[in-house]
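Have a look at the structure below, then the notes.
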Amino acid sequence: MTVRKNQANLTSAEKKAFVDAVLEVKRIGVYDEFVAAHRLRFALDMNTGVYVGHFGPSFLPWHRKFLIDFENELQNVDPSVSIPYWDWTFDNTVAASVWAPDLLGGTGRPLDDQVMDGPFAYSAGKWPINIQVDSRPFLARNLAYRVPTLPTRAEVDAALAMPTYDSAPFRDGSAGFRSTLEGSAGYMSMHNRVHTWVWGQMESSVSPNDPVFWLHHAFVDKLWADWHALHPTSAEYLPAGGTVDVIDLNETMPPWTNTTPQSMLDHTLFYTYA
Ligand SMILES: [Cu+2]
């Protein structure tokens, strides 16, 4: 059974196994398929008005399935590996262990935001940026540059306290837990703010180019699970049906042909959180 752990609690051996599996999925070309899939979905969400991966209720189940698929690829390389999560409310500085050279490496250099240490530095030779939105072939970050602080535990707790998953019109800024957690209810808040805090590729449609994408979204996913545990009688997902341009509970989420929000509600079918 897959157990997802807080990155702060990983042993050195667990960190190395995770990094090695990510590098191998990259080497065989599969990693970039995930980057391309996210870029495509983000563009469709932005430009077609049909909200599947972002800006609507299926933000959470879509990313849950996306992470499960990626975790399966990691486990094809090393069955012991799972996606760790990064609690950015607690490990909230550039000195946090997630940015150490034995896990993700640190912030970029001033000249061009190029990450210079860790396994994903361009100079280490194993992490070319192939699926791009600009011409930079290297992983870029500028931690705490565009916004100085990450979301706080109090902000997270306020979102978790909301009893409603999502509400009409089920879009950017709708009242309820999903939109508040996604960060569309306020400029650069919550999930969105974390992407912006990291900067570089993380602040773009090709954000999975930075492996912190998976650790960030694993924590967002855990917060969805935490929210349901706090509100066991609330509908775990809304809307239940009949909503135009929005994925209802039993509608299929592209690009998959066999995945609905309903099929993603119980994460314990796939993994648990430690
Ligand atoms: Cu995200």
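First listed ligand is number 1; within each ligand, the first listed atom is number 1. Counting from 1, the numbers follow the sequence of the chain as shown.
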Original post:
Tell me, do Trp199 and Arg141 make a side-chain contact under 4.5 Å, heavy atoms counted?
Top reply: no
Subject >> Near-ring test His228/His267, centroid separation under 6.0 angstrom >> reply: no
**OP:** Applying side chain to side chain donor-acceptor pair (under 3.5 Å), name anything that partners Thr268, two or more places apart in sequence or on another chain.
**Re:** Asp266
Subject >> ring pair (Phe, Tyr, Trp, His ring centres under 6.0 Å) against Tyr122, all qualifying residues, sequence neighbours excluded >> reply: none
Subject >> Qualifying residues under ring pair (Phe, Tyr, Trp, His ring centres under 6.0 Å), relative to Phe120, sequence neighbours excluded >> reply: Trp127
Original post:
Listing residue and atom name, which protein N/O/S atoms are closer to the Cu ion (ligand 1) than 2.8 Å?
Top reply: His191 NE2, His195 NE2, His217 NE2
Subject >> Salt bridge flag under 4.0 Å for residues Glu203 and Arg146 >> reply: no
